[in-house]
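Values below: all heavy atoms of this structure, side chains included; hydrogens, waters and symmetry mates excluded. In this chain, residues are counted from 1 in sequence order.
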Amino acid sequence: MTIERRLAHAGFTLTRDYPVPVERVWRAFADEEQKRNWIGDGDTFEPREWAFDFRVGGRDVDEAKFHGGPVSRYEAVYTDIVEHVRIVTTYDMWLDGAHMSTSVAAFEFEQIPEGTRLTHAEHGVFFDQFWADGPNREEGTRGLLESLGRQLR
C-alpha cells in the first residue's frame with residue numbers, strides 16, 4: 001500500500017470560563033493526579049503508558065486504547081510555564097503507531113470576576129493520511145475542556 005505524502009495545517013482557539021479561582025484550574029494541569037482524572041475522564045479508553053513531568057523541558061506521555069479501536073499516543077514537552085499565567089507545549093500524536101501530527105499548544109489562565117478564563121490556542125501540522133483531521137483535534141480538545149469543567153465542579 002502506498003501512502004500519499006501530504007501536509008495539512010489546522011489551528012483553533014477555544015475559551016472556557018470556569019467558576020473557580022485560577023489557582024484551582026492551574027492545579028488541574030500541574031498536579032499529576034488531577035490531570036490524569038480529567039484527561040482520562042470516563043471509560044472510553046483502556047490506559048496503557050503514562051508519564052507526567054510538569055516543568056520546562058519535562059515530558060508527558062499518555063497512551064491508551066480506545067475500547068474496540070485504535071491505540072492513541074500523546075507525547076508532549078513543556079516549553080514554557082509561568083505559574084498561574086500560561087503553559088506552552090509542543091506535542092506529537094500517533095494512532096496505531098502512525099505519526100499523526102505535531103502541534104504547539106498554549107494555555108492562558110486569566111482571573112475574571114466569575115472565576116477563571118482559560119484560553120487554549122493550538123496550531124497543528126497533520127501528516128499524510130491524517131491530513132483532514134484538524135477539525136477532529138478541535139472537537140477532541142472541546143471534550144477535554146468539558147471534562148476539566150466536570151472535575152472542577
Side-chain angles (χ1 to χ4, degrees), residues 1-18 22 25-26 28-32 34-110 116-152:
M1 178 172 98
T2 302
I3 295 175
E4 182 182 352
R5 298 294 180 189
R6 62 189 300 181
L7 290 176
H9 303 264
F12 59 90
T13 300
L14 301 172
T15 302
R16 295 289 182 274
D17 292 346
Y18 299 110
V22 165
V25 180
W26 181 265
F29 284 81
D31 178 84
E32 180 175 5
Q34 286 190 43
K35 186 171 183 182
R36 192 160 196 180
N37 284 339
W38 65 270
I39 290 287
D41 185 40
D43 61 358
T44 307
F45 302 99
E46 300 165 16
R48 294 209 170 166
E49 184 179 348
W50 172 267
F52 180 82
D53 186 8
F54 187 73
R55 63 182 175 84
V56 173
R59 289 185 62 233
D60 282 1
V61 175
D62 186 7
E63 182 177 287
K65 181 176 176 43
F66 290 93
H67 291 298
V71 173
S72 171
R73 183 174 180 86
Y74 163 89
E75 289 188 19
V77 174
Y78 293 99
T79 61
D80 189 57
I81 298 173
V82 177
E83 188 172 17
H84 302 147
V85 176
R86 69 177 177 258
I87 300 167
V88 180
T89 67
T90 59
Y91 74 90
D92 290 276
M93 293 288 301
W94 286 265
L95 195 61
D96 277 342
H99 194 192
M100 179 180 196
S101 64
T102 298
S103 299
V104 174
F107 300 87
E108 295 177 86
F109 301 78
E110 177 187 358
T116 301
R117 176 161 295 146
L118 176 68
T119 302
H120 172 97
E122 182 167 328
H123 181 81
V125 179
F126 294 81
F127 308 124
D128 305 328
Q129 72 265 34
F130 302 106
W131 68 271
D133 281 5
N136 293 335
R137 178 67 49 81
E138 182 175 348
E139 188 60 33
T141 302
R142 285 180 198 281
L144 287 173
L145 296 180
E146 289 169 13
S147 177
L148 172 61
R150 286 191 296 275
Q151 178 171 314
L152 293 170

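- R142 has a carboxylate O that lies under 4.0 Å from a charged side-chain N of E138, or vice versa, which qualifies the two as a salt bridge.
- With contacts defined as side-chain heavy-atom distances shorter than 4.5 Å, the pair F29/L118 qualifies.
- In plain terms, the two heavy atoms of G134 and A10 that are nearest each other are CA-CB, 3.7 Å.
- Using cut-offs of 30° and 60° for the angle between ring planes, the W26 and F54 rings count as perpendicular.
- In this structure, D96 contributes its side chain and V71 its backbone to a donor-acceptor pair below 3.5 Å.
- Note that the CD1 atom of I39 and the CZ atom of R36 stand 11.0 Å from one another [nearest 0.5 Å].
- Looking at heavy atoms from C-beta onward, E108 lies out of side-chain contact with E110 at the 4.5 angstrom threshold.
- Between N37 and Q151, the shortest heavy-atom contact is CB-OE1, 3.1 Å.
- When every heavy atom of T89 is checked against every heavy atom of A76, the shortest pair comes out as CB-CB, 4.4 Å.
- Taking 4.5 Å as the limit, some side-chain heavy atom of L145 sits within range of a side-chain heavy atom of Y18.
- Taken to the nearest 0.5 Å, the CG atom of D128 stands 10.0 Å off from the NE2 atom of H99.
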Practice problem: Evaluate side chain to side chain contact (heavy atoms under 4.5 Å, CB included) for R73 paired with R48, printing each intermediate quantity in order. | Solution: CA-CA 9 Å; R73 183 174 180 86; R48 294 209 170 166; over 6 Å; no
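- For W94 and F130, the distance between ring centers is not under 6.0 angstrom.
- Just one of D60, T90, D53 meets the side-chain hydrogen bond (donor to acceptor under 3.5 Å, both in side chains) condition when paired with Y78; it is D60.
- Nearest heavy atoms, A64 versus P47: CB-CA, 4.1 Å.
- Looking only at distances, no side-chain donor or acceptor of S147 sits under 3.5 Å from a matching main-chain atom of G143.
- Judged purely by atom type and a 3.5 angstrom limit, T79 uses its side chain to pair as donor or acceptor with the backbone of V88.
- Counting only heavy atoms from C-beta outward, the side chains of L7 and F127 approach each other to under 4.5 Å.
- The distance from the CE atom of M93 to the CZ atom of F126 is 9.0 Å, given to the nearest 0.5 Å.
- The minimum heavy-atom distance linking R117 with D17 is given by the pair NE-OD1, 2.8 Å.
- Closest heavy-atom contact between L152 and A28: CD2-CB, 4.4 Å.
- To the nearest 0.5 angstrom, E122 atom CD is 3.0 Å from Y91 atom OH.
- Between L148 atom CG and W38 atom CH2 the span is 5.0 Å, to the nearest 0.5 Å.
- Here H9 contributes atom NE2 and H123 contributes atom NE2; the two are 5.5 Å apart, rounded to the nearest 0.5 Å.
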